Amino acid sequence: MNFDLVVVGGGPAGLAAAIEARARGLSVLLLDENEAPGGRVWQAQERREPRDKDDAFARETVAAFRRSGAEAHFGATVWAIEDHTVFWSEGGAARCATGGRVLLATGTTERPLPIPGWTLPGVMTVGAAQIALKTSGLAPTGATWIAGQGPLVLLYAVQALRAGGKITGVLDLSAADAPRRALAHMPGALRTPLLFGRGLAWRGRIIRASVPWLRASELRALGDRGLHEITFRAEGRERRESADTLLLHNGVIPSVQITRALGCEHAWDAAQRCWKPVTDEWGATSVPHILVAGDGAGDQDGRRRDCRAGSPRSARRRRSAKSTPPRATPRPGRCAPLMRAHSPSARSSTRSTRRARRRSTTPPSSAAARK
Amino acid sequence: VTAGRIREAVGLGCLGLNQLKALTRCGMGPCRGRMCGLTAAEVMAQARNVPVADIEPYRLRFPTKPLTLGELASLESAAA
């Protein structure tokens with residue numbers, strides 16, 4: 001099987017790339033491990049009732065993907081890429097296909113938070129709990145503690161409460177000087193009022209639900225065959241609390257296994273404390289036909305690059321053969337990182353359309369030079 | 001592999017994750033370094049008192065996800 005573009009990962013970035021590439025007439029194959037489109041961010045979107053604008057946007061994008069004419073294989077686990085050939089397993093058999101370009105939209109993984117006792121049954125990650133919530137509607141019961149840091153802690157707490165779950169307390173494990181250091185980033189935060197406001201709203205909801213929020217350190221999970229209690233230091237004293245479930249989270253990091261195995265260049269991101277593939281503004285890695293888009297590209301602020309990172313470049317090939325005018329209508333295609341607001345406000349759509357237009361007329365010299 | 005075992009390896013002169021793998025098999029469990037890699041690097045960096053970026057990451061190879069020999073064999077017959 002031959003395709004112009006093979007997309008690995010069917011989350012927001014992968015879906016948007018596939019939709020865009022199809023709209024420009026490319027043949028597209030999309031592969032994803034899950035049973036349905038949406039990835040983790042929009043997990044089981046087709047099976048859930050849309051609750052708000054974000055859900056509506058997610059559903060619209062998934063529907064646009066279903067209509068796009070891209071060949072899609074779900075339950076497909078990619079295990080190797082050799083040159084232009086992508087290998088995957090599906091239904092107990094291995095298969096392969098080739099792509100003129102291969103776009104990796106494999107997202108992120110949770111950064112492990114190894115505390116003493118983290119391997120006890122009853123201790124799991126917030127991300128895992130969120131999957132259980134999204135796919136099976138499982139909300140926590142019993143004494144449930146959430147510990148760690150990052151936006152997912154807030155988001156999950158809000159989602160769990162909304163689903164009727166019970167949260168005993170949230171332990172903020174960020175460093176003691178974190179609020180002071182965060183203050184320096186306040187001007188930047190205020191420049192993204194939607195995101196900032198959303199964070200405040202989540203926090204407000206947790207406060208209104210009377211869930212205790214403690215700055216804590218020295219967290220330990222204790223138990224014999226399973227989690228029984230936790231100990232931590234908060235407000236200057238040792239505390240011991242009974243616990244049935246402890247959910248840990250320490251932010252997310254780009255999944256770099258495939259780009260590493262391909263030998264793509266990577267750079268250390270000191271702010272996020274993780275490795276990221278080095279990409280140009282088209283999303284191309286140091287291996288020219290391999291592109292990265294979405295959270296896996298490490299652009300969780302979603303400002304610098306949109307989900308179509310890979311597609312305009314591939315589209316350019318087609319335009320060189322036959323002149324196609326740039327699309328005039330805005331697309332639901334902005335990068336949607338794990339915690340980002342997906343609300344396609346009129347303003348941002350206009351801006352991204354304008355940018356897409358600019359891109360299609362003036363390819364950057366770096367990309368041109370590589371050709 | 002415990003954090004203590006990693007620190008012990010550093011004490012023996014181990015500098016990066018690939019050496020660590022040879023010495024302790026850290027990174028050869030079910031996750032193949034997908035989950036433990038960064039944590040192991042952080043522990044090593046702390047023990048060596050160097051930035052994490054200076055710790056050589058795992059050399060990752062395909063297959064990046066587990067597959068059975070049966071699946072692999074099916075690929076050959078499909079190609080034939």
Side-chain angles (χ1 to χ4, degrees), chain A residues 1 8 31 33 76-83 85-97 104 106 108-116 118-119 125 127-128 248 250-277, chain B residues 1-7 10 15-18 20-21 24 26-80:
Chain A
M1 286 192 291
V8 183
L31 303 166
E33 276 184 321
T77 302
V78 170
W79 45 263
I81 297 172
E82 275 174 22
D83 199 16
T85 309
V86 179
F87 296 87
W88 75 93
S89 290
E90 184 182 346
R95 308 181 63 172
C96 66
L104 303 171
T106 48
T108 59
T109 49
E110 287 184 282
R111 181 196 302 273
L113 180 52
I115 57 153
W118 71 316
T119 52
T125 69
L248 300 171
N250 198 15
V252 294
I253 50 179
S255 306
V256 293
Q257 290 76 37
I258 294 179
T259 46
R260 278 278 185 211
L262 280 166
C264 299
E265 205 182 308
H266 289 71
W268 178 256
D269 182 330
Q272 298 287 336
R273 286 184 85 79
C274 63
W275 291 98
K276 300 200 300 201
Chain B
V1 179
T2 62
R5 184 78 188 86
I6 295 175
R7 292 190 198 103
V10 170
L15 297 174
L17 289 187
N18 294 301
L20 182 73
K21 191 195 279 184
T24 65
C26 183
M28 296 173 77
C31 87
R32 312 307 296 175
R34 281 196 295 271
M35 277 145 69
C36 67
L38 205 51
T39 306
E42 294 265 5
V43 173
M44 281 196 98
Q46 215 171 37
R48 283 185 53 203
N49 201 17
V50 297
V52 192
D54 289 1
I55 304 290
E56 183 198 37
Y58 285 127
R59 272 189 295 276
L60 296 174
R61 295 181 185 86
F62 293 119
T64 42
K65 287 284 171 85
L67 81 157
T68 65
L69 285 175
E71 286 169 346
L72 199 57
S74 71
L75 187 69
E76 201 51 53
S77 55

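Just so we're on the same page: letters track the sequence lines, and every chain starts at 1. Because the structure is a prediction, the values reported are computed rather than measured.
Between A:I258 and B:F62 there is a side-chain heavy-atom pair separated by less than 4.5 Å. Residues A:C274 and B:L38 meet the side-chain proximity criterion, which asks for heavy atoms closer than 4.5 Å.
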Return one line per donor-acceptor pair between chain B and chain A under 3.5 Å, naming both atoms and the distance rounded to 0.1 Å.
unit_1 : atom_1 : unit_2 : atom_2 : d
B:E42  : OE1    : A:R273 : NH2    : 2.9
B:E42  : OE2    : A:R273 : NE     : 3.2
B:T64  : N      : A:W79  : O      : 2.9
B:T64  : OG1    : A:W79  : O      : 3.4
B:K65  : NZ     : A:E33  : OE1    : 3.3
B:K65  : NZ     : A:E33  : OE2    : 2.8
B:E71  : O      : A:A94  : N      : 3.4
B:E71  : OE1    : A:S89  : OG     : 3.2
B:S74  : OG     : A:A94  : N      : 2.9

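Residue pairs meeting the ring pair (Phe, Tyr, Trp, His ring centres under 6.0 Å) criterion with at least one partner in residues 26-45 of chain B, sequence neighbours excluded, are absent.
Looking at A:I81, both its backbone and its side chain come within 4.5 Å of chain B, counting heavy atoms on both sides. Of the atoms belonging to B:P57, it is side-chain heavy atoms, and not backbone ones, that fall under 4.5 Å from chain A.
No other option in B:A41, B:A3, B:P63 has as many heavy-atom pairs under 4.5 Å with chain A as B:P63.
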